Structures are given as structure tokens and as C-alpha cells.
Chemist: 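Let me give you the structure first, and then I'll get to my questions.
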Number of protein chains: 2
Amino acid sequence: MAEKKRKPRTKKPPRMDIRTVAAQAKVSIATVSRTINHIPSVDPAMAKRVWKAIEELNYVPNTQARALVSGRSHILGLIVSEITNPFFPELIQQFEECAVARGYEILITSTSYDPKRMASCVRRMVERKVDGVAVLTFGIEEPLLEQLSNQKIPLVYVDSRPHQPAAVTLNVDYQHGIWQGVQHLAVLGHRKIAFLSGPLHLYTSQLRYFAFIDCLKEIGIQCNPAWLIQGDHTLEGGMRKMEQLLQLDDQPTAILCSNDMSAIGVMHAILGAGLRIPDDFSVVGFDDVHIAEFMFPPLTTIRMSCRDLALGAVTVLCSKLKNTESATPANALTIPTELIVRRTTGIPKDTIQNLKPLSDRSKSERKVP
Amino acid sequence: MAEKKRKPRTKKPPRMDIRTVAAQAKVSIATVSRTINHIPSVDPAMAKRVWKAIEELNYVPNTQARALVSGRSHILGLIVSEITNPFFPELIQQFEECAVARGYEILITSTSYDPKRMASCVRRMVERKVDGVAVLTFGIEEPLLEQLSNQKIPLVYVDSRPHQPAAVTLNVDYQHGIWQGVQHLAVLGHRKIAFLSGPLHLYTSQLRYFAFIDCLKEIGIQCNPAWLIQGDHTLEGGMRKMEQLLQLDDQPTAILCSNDMSAIGVMHAILGAGLRIPDDFSVVGFDDVHIAEFMFPPLTTIRMSCRDLALGAVTVLCSKLKNTESATPANALTIPTELIVRRTTGIPKDTIQNLKPLSDRSKSERKVP
DNA sequence: CTGAAAGCGCTAACAA
DNA sequence: TTGTTAGCGCTTTCAG
């Protein structure tokens, strides 16, 4: 027997790797690699041979090996609050589309508002070595964001509190949206407006909450503290809180909810109590999820463009990944909001119609039955 | 200058890899590897040192390297139809939970019923070298499934047509669910029942369609072909088709929809036409998505447990991954369905109440207003 | 039971 | 421009 110090790792199955392609195309593996990565310096004739071989062999580059050696996984992480809240699937869809178009894979995780799960989300991002993370949640524990930025992972998040230097913030223009909603109700004649917030320990909930308070002040409407209710962004929460609100002696005539799911729960409670919408009670949502339009009556709501949000997040992330710490892009981006008037808002009953004509309604969406 | 044939790859940053851990714990890298992988033969004292070092250094193993050398990515692929149909997020949530609990990451992609996107889904799965794929969609192009099984990727899918030998099929018990729905309506006194199917080129839609037809036959109810409508699983589709149905001279008194989104669209059309539910028209959905309960009135529907589906899929996949072609698990699994009676179904108007007492209603969920 | 060393498939120096 | 080759960080023989 000749020389055979040690049996090399058995490799029976005829490997299908870059070498096979190189052999088939009669070039070196480096050339194959360059061709695949569209390095311009490759001779067109050679490139053609390589592509032909790839085609014939049905070769797919090994992403793991690529990631290992290049240090870039080509995965973008996306952390959301709760995938079962319809707003997030819509966001995810947009995010995926943008990311895939740019050649990235997506790792989606959800926090479910649970600190333990948040930690798990971050851990999974780090383990899989994502190239960047978008944290598009209603709030997250700050230390976790730090963990991410300590790992030097590019970060984008929605208006979380203190601005981390390495991260870009996406600011939703709650102020404007809430203002439009309140204004809309006020113009209709509502003076007794309730607000159903999200959990107030979350910064984004606070933003909406204070936006509401400020609007009321600005308009000069008295605010009954009993009408400032803290919800939890869920259907159940909205329903339960509204049921409680309906027990009050002094009832508001309208309610603005800080997301559509609560608003739908609220509608359920109102209708369940035998009241009519909008005749007895007006309801305004926030998000404009797709199903909002299919409620009965269709939900008037404040649209926050998840397309803008997703596109913004991906764009920022990608530009961070390209810029080798050169031209730092803006470290904040504003996401606009827009009032979509449908049919859950109307003139409060027992109102003398001496108010402004409802000219602003015609501007927005309004379905004719 | 001593010997330096070629500048080795520059490595300024003090690497944080298995070697660092090994050095810190004063063991070999092999021992660190074994410790991490919980190989029982490691000396407990050593293992303890290793874990301590890992802790101190905040070491996270490199998943890519692991995958590269072991050939297992520890990623499970999940292909769904459309992430914006609420049924899928619920499914995804369950799937994720199961998979993560077993130490797998998830790669989610959605087909949007578009052949091009389906192909992209499959390509992405192959590129990322997922260890297994669950195709939980309403139909997919057969060649794509073949592509997956050609790559020897373990596969699970919902009742698609020809049984691929390498794949496991999850069969939803549509027959039973539809039967319960029709039976429920019949017991209430409905004899003119419409059916809103999914796109009939999809096998799963056909299953539900034929189940409906069979039930009607079995019960002995005449079936007006004009009441057999083909929808597309969407809110818009449901609404539009229902609007058309309402133009008919001969109207049914109830409609069974093959998913909840269509049913909600249908409800919208009915209520929009000024009719009442269930007084003028009864509606039954399919899926029991979370929001179904919060419609007004709450939607009577046929529940298909997405928990069972997800759990089944993950379990099958994982067992396939363990069994090195030994004990092949069952190649089919049945997912049960269950009628959930809420408030969109009632006695058709103008019906003489000479029917069976509605004893079956009390068994199921029913909210008291 | 532990350690040394051979690669996994690829990219990126560097040499030609 | 193309080819040669040294690793990326890890698992896994195989020898001790």
C-alpha cells in the first residue's frame, strides 16, 4: 500500500460545489466565484461558460460557506411585536418584498410583549449573524437594543426613547395623525372624546397618548380623566375596556383608539350593547389594517403607511451596510400618517347642527353605500 | 526578516471564537465543541470550566460554520400562501413556537398564489439549505415540490394531490367540518344553501367544494348551481361575489364560505345591502381565525386547529431529521375540524318551526349578549 | 476521555 | 485578467 497516513474524510457522493462547476467550465474556482459575484473583470466568454456549467449542473452556491468566509450573512432581522396583529403581517410583507428584492433573506421574530421572548428574539438574531436588524415593535427593553449595538449590528427602530448613536430612528408622525382624528371628531361636533391607549409603559403608546392630550388642549376641549383608558392593543382588551366605559354615568360620544384591533374590539362592545355606530357612538382606529375597511360599518382610522415604514427600514439598513462608515445617512426618518374617513364616525346625537360644514370629509375616502 | 512567504490574512480584531474559549478554559477546541454539543463523554469538571469561559467571554457559536461542517443548517422552512390572511400568522406563530422549542430557526416565505413567487420561495429554501420544509399553502405547483424532494429535503405538505413517496401529507378533515356546517344549517331549517369556494384550480379548494356537494346530496337537499360560487379566499372576493349573489332572483337563505376572510367579506356585502344577519341570511366561515369572534355578529365557523397543523408539521419534520432513514413515521396525518357556533347562523325567516329542537347548539360556544 | 488535524465550500489576497 | 492558496469557525475522525 502506498502512503496513506490517515483516511481522509469519506466523500462518496460526487460533490456539487464550486469545484465541479470550475471543472465543467474548464476554469479555476476563483473565476467561478468572480462570475457568480458579478465581478466585472471576468472575461465575458469565460463567464458565459461558467453560467452554462452552473445551469447544466443545477448548481446553487452554498450560502453558509459564503457567509462564513465573507462575514456577511445576507440576512436582515425583523423583530415585530405580535404577528397575529394584522398590522404586522402587512408590514412583514412589505419588508420581505423590499429585502428580497435587494438580495437579502429575512429572519422574523416576535416579542409578544414578553421580556423573555424579546431576549430570545435578540439572541436568535445574534446567533444567525444577521447583517442588520429592524426593530419595528411597540416598545422593547433598552438593554436588548444595546446588546445588538454592542455586537456592531446595524439597527433601525421605531421611535424608541434615547437615541442610540449607532442606530437610526423611524419616527411615526403620531402627532399629526392623532391631531387629524381629533379634529375630525371635533368638526363633527364631538366634545366628549375618549381615548383608548396602548400599555402606557411603552414609549410609543405614550407618544400617542400625549398627542391626544395635547390636541384636546389645543382645541380647548375639556378632558374627563375617566375617558382616558389604558388598553393593550388587543381585540379583547378593546372590548373589555369599552364595556367598562359604557358603565359610566357620564358617557363620551366618541372614542379614538390607538390601534385598529382595539377599535374593532371597541366596536364589538358598542354594537353588543345594542348601540349604533356612528349614531350613538363614533369610533376612530389607528393603523388602517386591511380588514378595517370590511368592518361594519367600515372603520374610520388613521393610516400609518406600513409600506413607508418597511421601505424606510430596509433602505436605511442597506445603506448602512454599503457605506463602509462613510456618508452616514440621516439618523432619523419620519413616517407620515393620514386620516381615512369611513363610516364609524358621524355627528353625535342630540347635536344642534350649527357647526362648520363638513367640507373636510370629501377629501378623504368615503364609500357610498 | 525571518521567514514570511506571504502575508497571512490580516486579523486585527481579537477573534472571539472557539479557540478563545478553549484557551480561556485551558482545554482543546475539540472539548469545547463537545461541551457545547452536550456530548456526554466530556468530563464534568472540564465542561464546567468551558461553560464558565463561554459565559465570561459571552461567546456565541458561529451558526454558519457549524452548518457548513455539519451539513445541517438547523433551519426549518415554512411556505404559506399569504401572510396577510390572518389564518397564516396564527399558523406561523404556532409553527415558530414548536420549531424554536426544538432548536430550529424558521425561514418563512409566502407564495401569494403567484407561480413566480412560489418558485422564489422554493429557491430561497434551497439556497439557505433548510433542513426541512413545511408547505402549508392552499395549493402549490407540483414541479416545485419535486424540486424540493430532488434536493432530498424532507417535506411536509397539506393534502396536495399525488402522494410523493418522500413526503408526509397532512390531511385536514374538511369532509367532517363541512358536514357539520351543512348539518347545522339544515337543522336550523335552511334548505337553500350557497357555497363560496376558493379558486377551484387548487386541490384544497376542490376538496372543500366536493365535500359540500356530497353533504347536500347526503342530506337530500337540492343544489342550485347558481349558488355554487367560486371565490378567491379574500375579503374583496367574498364581498364582490356576495353582492352578485344578492342580485339573483332565487336567493339562498344561507351561505357557507371556505374561509373566514371570504365570510367576512360576505357579511360586509349582506349588511351593506341592508339585510340582517342571521335574520335574513346565515353565514358560516371556515378556519376560525381569532377575529371571527369579534365580528358583529360573531361569526359561526368551522375551526381548523392551526396548532395541530403546525405541531404536526414540525413533529413530522423533526422526526424525519432524526431517523437516519430508519423507522419511517406514518406518511399521513389527519387534522380534525370542529364547528364553532356563534351568531351568524339562525333560523331562516318565513320558516315554520317544526324542526328538531336545536339541541346541538348548546354543545358549542355561544356568547350570551 | 482528550487533543491534533483534516476539511466543509467559499472568498479574497497575492502571484503570475 | 486568471489561477493558486490561505484561511473563515467549526465538527469529527483518529491517535494517544
Side-chain angles (χ1 to χ4, degrees), chain A residues 3-23 25-50 54 57 59-74 126-129 324, chain B residues 3-50 54 57 59-74 126-129:
Chain A
E3 192 181 343
K4 190 179 177 186
K5 304 172 92 168
R6 170 183 301 211
K7 193 180 78 184
R9 187 170 295 204
T10 37
K11 31 178 135 167
K12 267 172 287 175
R15 303 167 313 181
M16 240 316 295
D17 58 11
I18 200 172
R19 259 167 297 232
T20 324
V21 178
K26 305 210 188 305
V27 297
S28 72
I29 60 167
T31 301
V32 177
S33 175
R34 291 192 192 103
T35 307
I36 290 170
N37 293 301
H38 300 102
I39 306 289
S41 68
V42 181
D43 180 89
M46 272 189 155
K48 204 170 170 188
R49 287 218 310 280
V50 172
I54 288 175
L57 297 171
Y59 166 74
V60 179
N62 183 321
T63 335
Q64 339 261 23
R66 233 132 92 109
L68 180 59
V69 60
S70 72
R72 322 229 294 101
S73 64
H74 272 264
V126 174
E127 279 176 5
R128 294 289 164 175
K129 293 229 178 319
T324 322
Chain B
E3 192 182 341
K4 191 179 175 184
K5 305 172 90 166
R6 170 184 300 210
K7 194 180 80 184
R9 187 170 295 205
T10 35
K11 31 178 134 166
K12 268 174 283 176
R15 303 168 313 181
M16 240 317 295
D17 57 11
I18 200 171
R19 260 167 297 234
T20 324
V21 178
Q24 171 99 353
K26 304 210 190 305
V27 296
S28 71
I29 60 167
T31 302
V32 176
S33 175
R34 292 192 192 103
T35 307
I36 290 170
N37 292 301
H38 300 101
I39 306 288
S41 68
V42 180
D43 180 88
M46 273 188 154
K48 203 171 170 186
R49 286 218 309 281
V50 172
I54 288 174
L57 296 171
Y59 166 74
V60 179
N62 183 320
T63 336
Q64 339 259 25
R66 234 133 91 109
L68 180 58
V69 60
S70 71
R72 323 229 292 102
S73 64
H74 271 264
V126 173
E127 277 175 7
R128 293 289 164 174
K129 291 230 178 318

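What you see is a predicted model; the values in this text were computed from it and never measured. Throughout, protein chains are lettered first and strands after them, A, B, ... in sequence-line order, and every chain is numbered starting at 1. Hydrogens, waters and symmetry mates play no part in the numbers below; they use all other heavy atoms, side chains included.
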Chemist: Counting just side-chain N and O atoms, does B:N37 come under 4.0 Å of either OP1 or OP2 of D:dT11?
Modeler: yes
Chemist: Between A:D43 and A:A45, is there a donor-acceptor pair closer than 3.5 Å when you use the side chain of the first and the backbone of the second?
Modeler: yes
Chemist: If only atom types and distance count, is the side chain of B:R34 paired as donor or acceptor with the main-chain N or O of B:S41 below 3.5 Å?
Modeler: no
Chemist: Could you tell me how far apart A:I18 (CD1) and D:dT2 (C1') are, to the nearest whole angstrom?
Modeler: 14 Å
Chemist: Roughly, in whole Å, what's the span from CG in A:D17 to P in C:dC10?
Modeler: 5 Å
Chemist: Would you say that A:L57 contacts A:V21 through its side chain, given a criterion of any heavy-atom pair below 4.5 Å between the two side chains?
Modeler: yes
Chemist: Quick one: A:R19 CZ to D:dG3 P, roughly how many Å, whole number?
Modeler: 15 Å
Chemist: Return the minimal non-hydrogen interatomic distance between A:R128 and B:Q64, and the atom names on each side.
Modeler: O-NE2, 3.9 Å
Chemist: Using side-chain heavy atoms (C-beta onward) and a distance below 4.5 Å, is B:V42 in contact with B:V50?
Modeler: no
Chemist: Using five pairs at each end of the helix from C:dC1-D:dG16 to C:dA16-D:dT1 to define an axis, what is the angle between those two axes, to 10°?
Modeler: 40°
Chemist: Quickly work out the B:I36 CD1 to D:dT11 P distance and round it to whole Å.
Modeler: 6 Å
Chemist: Is there a side-chain contact between B:M46 and B:T35 (heavy atoms, below 4.5 Å)?
Modeler: no
Chemist: Can you find a side chain N or O atom of A:T31 that sits less than 4.0 Å from OP1 or OP2 on D:dG3?
Modeler: yes
Chemist: Hey, can you pull the residues of residues 20-29 of chain B with a non-hydrogen atom under 4.0 angstrom from DNA chain C?
Modeler: B:V27, B:S28
Chemist: For a 4.5 angstrom cut-off between non-hydrogen side-chain atoms, does B:N37 reach B:R66?
Modeler: yes
Chemist: Return the 5'-most residue of the pair B:P40, B:L68 with respect to DNA chain C, ranking by each residue's nearest nucleotide.
Modeler: B:P40
Chemist: Would you mind telling me which of D:dG9, C:dC10, C:dA5 lies closest to the side-chain atoms of B:A65?
Modeler: D:dG9
Chemist: Looking at OG1 of B:T63 and CG of A:L68, how far apart are the two atoms once the value is rounded to the nearest 0.5 Å?
Modeler: 10.5 Å
Chemist: With the side chain counted from C-beta on, respond yes when B:D17 and B:N62 share a heavy-atom pair under 4.5 Å apart, and no when they do not.
Modeler: no
Chemist: Expressed as a whole number of angstroms, how long is the span from A:R72:CZ to D:dC8:C1'?
Modeler: 15 Å
Chemist: Just to confirm, is there a sub-4.0 Å distance from OP1 or OP2 of D:dC10 to any side-chain nitrogen or oxygen of B:S33?
Modeler: no
Chemist: Any idea which of D:dC10, C:dA12, D:dT2 is nearest the A:R34 side chain?
Modeler: D:dT2
Chemist: Atom CG of B:N62 and atom P of C:dG9: how far apart are they, to the nearest Å?
Modeler: 16 Å
Chemist: Check the distance between D:dT1's P and A:M46's CE and give it to me in whole angstrom.
Modeler: 12 Å
Chemist: When you check the phosphate oxygens OP1 and OP2 of C:dC10, does a side-chain N or O of A:R66 lie under 4.0 Å from one of them?
Modeler: no
Chemist: Please pick, from D:dT12, D:dC10, C:dG9, the nucleotide with the shortest atom-to-atom distance to any side-chain atom of B:P61.
Modeler: D:dC10
Chemist: Would you mind telling me which residue lines up with the more 5' stretch of DNA chain D, B:A30 or A:V42, judged by nearest nucleotide?
Modeler: A:V42
Chemist: Could you check how far CD1 of A:I39 sits from C1' of D:dT1, rounded to whole Å?
Modeler: 12 Å
Chemist: Between atom CD1 of A:I29 and atom OG1 of A:T20, what is the distance when rounded to the nearest 0.5 Å?
Modeler: 10.5 Å
